[in-house]
Structure formats: structure tokens, C-alpha cells
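Sequence positions, counted from 1, serve as the residue numbers for this chain. Predicted, not measured: the structure shown is a model, and the values here were computed from it.
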Amino acid sequence: MCTYAMVAYKVHYVCVRCRLSRKHVWDGAEHLCTSCRRLMLFAGHDFAAPRRHDDRRWAAVAAVLEAGLTYEGFEPCGCGREPKYRPRTAAQVRSRRQVAARRGLTEAEALALRDL
């Protein structure tokens with residue numbers, strides 16, 4: 001049975017500048033940050049926001065979202081669970097960017113690599 005088929009789950013939207021995370025119904029609309037009134041980025045179903053003062057982790061979140069990746073643990077229909085790796089610190093982002101430069105990968109492909 002599809003996990004996301006029976007219930008309309010809310011998804012996470014993030015404002016990296018203000019370091020805020022909000023859950024909204026996934027309706028395709030643009031959601032604005034309540035603090036700065038800028039567009040919030042779609043982060044996915046399984047996003048876990050770091051603490052507000054954790055600079056290293058918010059830098060990693062910003063890099064992942066700017067690369068076009070989201071935090072999803074389920075398959076798109078919700079049937080199977082295949083956890084996707086996302087870097088958690090700025091150091092992990094830096095090392096994956098170096099690997100991307102050496103191997104000729106795109107930034108999104110490098111950030112999704114679990115093992116270097």
C-alpha cells in the first residue's frame with residue numbers, strides 16, 4: 001500500500017537565511033517565510049532542521065537545497081524506503097565538492113554520494 005496515497009502529508013519548507021523550517025501542505029504553491037517574506041525552499045518529507053545556531057549544519061542544508069536535492073527517505077509514491085544520503089556538515093560538503101571536481105561529477109551527484 002502506498003504510504004503517501006491515503007493521506008495528504010505536509011512537507012517541509014525552509015528559509016536558510018532566517019534558519020526557519022515550516023510544514024505546509026504540498027500544493028505546488030509558493031510559500032513565504034514569516035520573518036523575511038522571501039520564498040521558502042522545498043526540503044521534502046524527511047527534513048530535520050538543525051538547531052538555529054549550528055552554522056556548520058545550516059551551511060550543509062543550504063548547499064544541498066541549492067544543488068536541487070531534497071530530504072526524502074521514501075520512494076516518490078511512498079511504497080519503498082530507500083534512504084538517501086545528504087551531508088550534515090560543511091566539511092562533508094567541501095569534501096564532496098572536491099570529489100566532484102576530481103571525478104567530473106555534478107554537484108548534486110557528489111552531494112548524494114554516501115561513501116567517497
Do [X] and [Y] make a side-chain contact, defined as non-hydrogen atoms from C-beta onward lying under 4.5 Å apart?
X      : Y     : result
Leu111 : Arg86 : no
Gln92  : Tyr85 : yes
Leu20  : Val14 : no
Ser35  : Cys15 : no
Thr70  : Leu41 : no
His45  : His12 : no
Met40  : Arg22 : yes

(message) One thing to verify: whether Arg88 and Asp54 come together as a salt bridge, which I'm taking to mean a side-chain N less than 4.0 angstrom from a carboxylate O.
(response)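 So Asp54 does not pair with Arg88 through a salt bridge.
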So how far is it from [X] [atom1] to [Y] [atom2], rounded to the nearest 0.5 Å?
X     : Y      : atom1 : atom2 : answer
Arg19 : Arg51  : CZ    : CZ    : 13.5 Å
Trp58 : Arg52  : CH2   : CZ    : 8.0 Å
Arg94 : Thr89  : CZ    : OG1   : 7.5 Å
Arg96 : Arg114 : CZ    : CZ    : 9.5 Å

(request) Check step by step if side chain to side chain contact (heavy atoms under 4.5 Å, CB included) holds for His24 and Lys10. (result) CA-CA 5 Å; His24 295 284; Lys10 292 183 178 181; 6.0 Å; no
(request) Can you sort out the partners of Tyr71 under ring-ring contact (aromatic ring centres under 6.0 Å, His included), two or more places apart, ordered by chain and number? (result)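 Listed in chain order: Phe47.
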(message) Holding to side chain to side chain contact (heavy atoms under 4.5 Å, CB included), I want the full list of residues that pass it with Glu66, two or more places apart in sequence or in another chain.
(response) Ala62
(message) Looking at every heavy atom in both Ala67 and Ala108, which two are closest together, and how far apart are they?
(response) O-CB, 3.7 Å
(request) Run the numbers on Val25 and Val11 for side chain to side chain contact (heavy atoms under 4.5 Å, CB included), then give the verdict. (result) CA-CA 6 Å; Val25 176; Val11 293; over 6 Å; no
(message) Running the 4.5 Å side-chain criterion over Ile, Leu, Val, Met, Phe, Trp and Tyr, what cluster does Leu39 land in, apart from itself?
(response) Leu32
